[in-house]
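We name chains A, B, ... by the order of the sequence lines, and we start the count at 1 in each one.
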Amino acid sequence: MINFHPDKQMLELHAQGQLPLSLSIALSAHIEYCGQCQQQCQQLTKALSVEAFSDNSAPAQQEQALLDDLLSNMLSDIDDLPLDTGINLPSSVTVTVKEKQYALPQVFRQQMLSEWQGIGKVSRARLDTGEGKARASLLYIDADGEIPQHTHKGTELTLLLAGEFSDEFSDYKPGDLMVMTAEDKHSPKTKQGCLCYTVVDAPLYFTKGLSKILNPIGELIY
Amino acid sequence: MQINSTKTSQQGYDNVNHNQTRDVMKTNSDKDNNEQLALYMSAVANYQDKRAFAKLFAYFSPKINAFGHQRLNQQGLALDLVQETLTRVWTKAHLYNPDKAAVTTWVFTIMRNQCFDMLRKVQHNREDSFGDDIWQLFDSDNAQEDDNDFMLSASLLKHVDALPPLQKQVVRGIYLQELTQQELAEKLHIPIGTVKSRLRLGLEKLKSYMEQAL
Ligand SMILES: [Zn+2]
């Protein structure tokens, strides 16, 4: 049972395709675990499609001319287009860290992981999302590992992918998605070990839209 | 909805939502509109019918163009979005399943995914495509059925029986007996994770059979 979900605004921005890649990955992965958010996202998408396609007014003449040209170009080339074979089968996406193999959500199928780095029980592999200030990574904590109490300069998103961890507030299970802000202080620890996806320092240009991710975050110090 | 002949689908053409027929549209419900669009989709899917495609283009292109203007802020890019989206409507039409989603929702999904990739190019100078990984096009209506929206074609069925027994059991259970993964896990007394991994392995094998056949 997943207890921690993205808030409604975040889900909406996700359905609109307005979140940056690092956060879209988190939402897509959460949705793979969470039927409730999957359904909500589908409903939002349906509503957005109605909204996007509800205006039946004719475009300006100039625009229409451009579209007419485009159609005739497309129709003349279209026979040469290979049809999509379309079987977008789920494939197994896995990651191996400290000799343990974990299955990852489908959204990680294009692996962009850099090398694992870390000290002691904590390892981290960055994902190159090309977003400048957004730092997305996989975080692995070994069994009986603990992260000393810390705060976040800004905001940190954590999605638990495997294993479990707990902090002063709760116990977390795979699929749980948490957003911690500057005021939150916690010291997570894990008995079995855990694998998380984390995003810190969300890109500035999106911070306006996200109620919770208001502050661009500095480095998170583990 | 079943379309059995080109004739049926072409009879529907004249009801389409076009500027000239906007009055007709007003009295039609969204449902009729969607059925009309689904008729065109099926003509494109089954007969690569260009006339039907032109109808879809007439309906969607101004709307996609407007959406592109809003999101991408450039005329040229908005037109690219129209082209990219409607090209995919053509090449993927046979994959559209009217039982799963309205045509408008399906086209919106393709458009949003394309737009996401185009925005990455504009904002981060990245030539990658993540849109279809983030929002998979063929999400099922039911979260329980995550992996079940893959239709087994007759040609694939014979390969199912060639799978290793444990994988075959799971693939048959999910696709032929239409059990949920949870039900199957209970029935076989195995963890749901095992159902998922066997299913994945089985489907990967089937996929490689398919690729060999192509
Ligand atoms: Zn959720």
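The aromatic rings of B:F116 and B:W135 sit perpendicular, their planes meeting at an angle over 60°, well past the 30° parallel limit. Using cut-offs of 30° and 60° on the angle between ring planes, the pair A:Y140 and A:Y102 is tilted.
Using a 4.5 Å cut-off between heavy atoms, A:P82 touches chain B through its backbone atoms (N, CA, C, O) alone. Residue B:R88: no heavy atom, backbone or side chain, is found under 4.5 Å from chain A. For a residue to count as touching a neighbouring chain, one of its non-hydrogen atoms must lie under 4.5 Å from one of that chain's; by this rule B:L201 does not touch chain A. For B:S197, no part sits under 4.5 Å from any heavy atom of chain A, backbone or side chain. Proximity to chain A (any heavy atom under 4.5 Å) is shown, for B:Q83, by both the backbone and the side chain. Residue contact with chain B, scored on non-hydrogen atoms closer than 4.5 Å, involves the backbone and the side chain of A:D128 alike.
Residue with the most contacts toward chain B among A:L70, A:D68, A:I78, A:V107: A:I78 (heavy-atom pairs, distance under 4.5 Å). The most heavy-atom pairs under 4.5 Å with chain A, out of B:R120, B:Q70, B:M111, come from B:R120. Your options are A:L48, A:L81, A:V50, and the one with the most heavy-atom pairs under 4.5 Å with chain B is A:L48. With respect to chain B, the highest number of heavy-atom pairs below 4.5 Å among A:D77, A:D79, A:I25 belongs to A:D79.
Side chains of A:R124 and A:T198: a donor-acceptor N/O pair is present below 3.5 angstrom, by distance only. Side-chain atoms of A:Q43 and A:Q39 form no donor-acceptor pair, as typed in the model, at a separation below 3.5 Å.
Residues satisfying the ring-ring contact (aromatic ring centres under 6.0 Å, His included) criterion with B:F130, sequence neighbours excluded, are absent altogether. With sequence neighbours excluded, no residue forms a ring-ring contact (aromatic ring centres under 6.0 Å, His included) with B:F57.
Considering B:F67, B:F60, B:W106, B:Y59 as possible partners of A:F53, the one that fulfils the ring-ring contact (aromatic ring centres under 6.0 Å, His included) test is B:F60.
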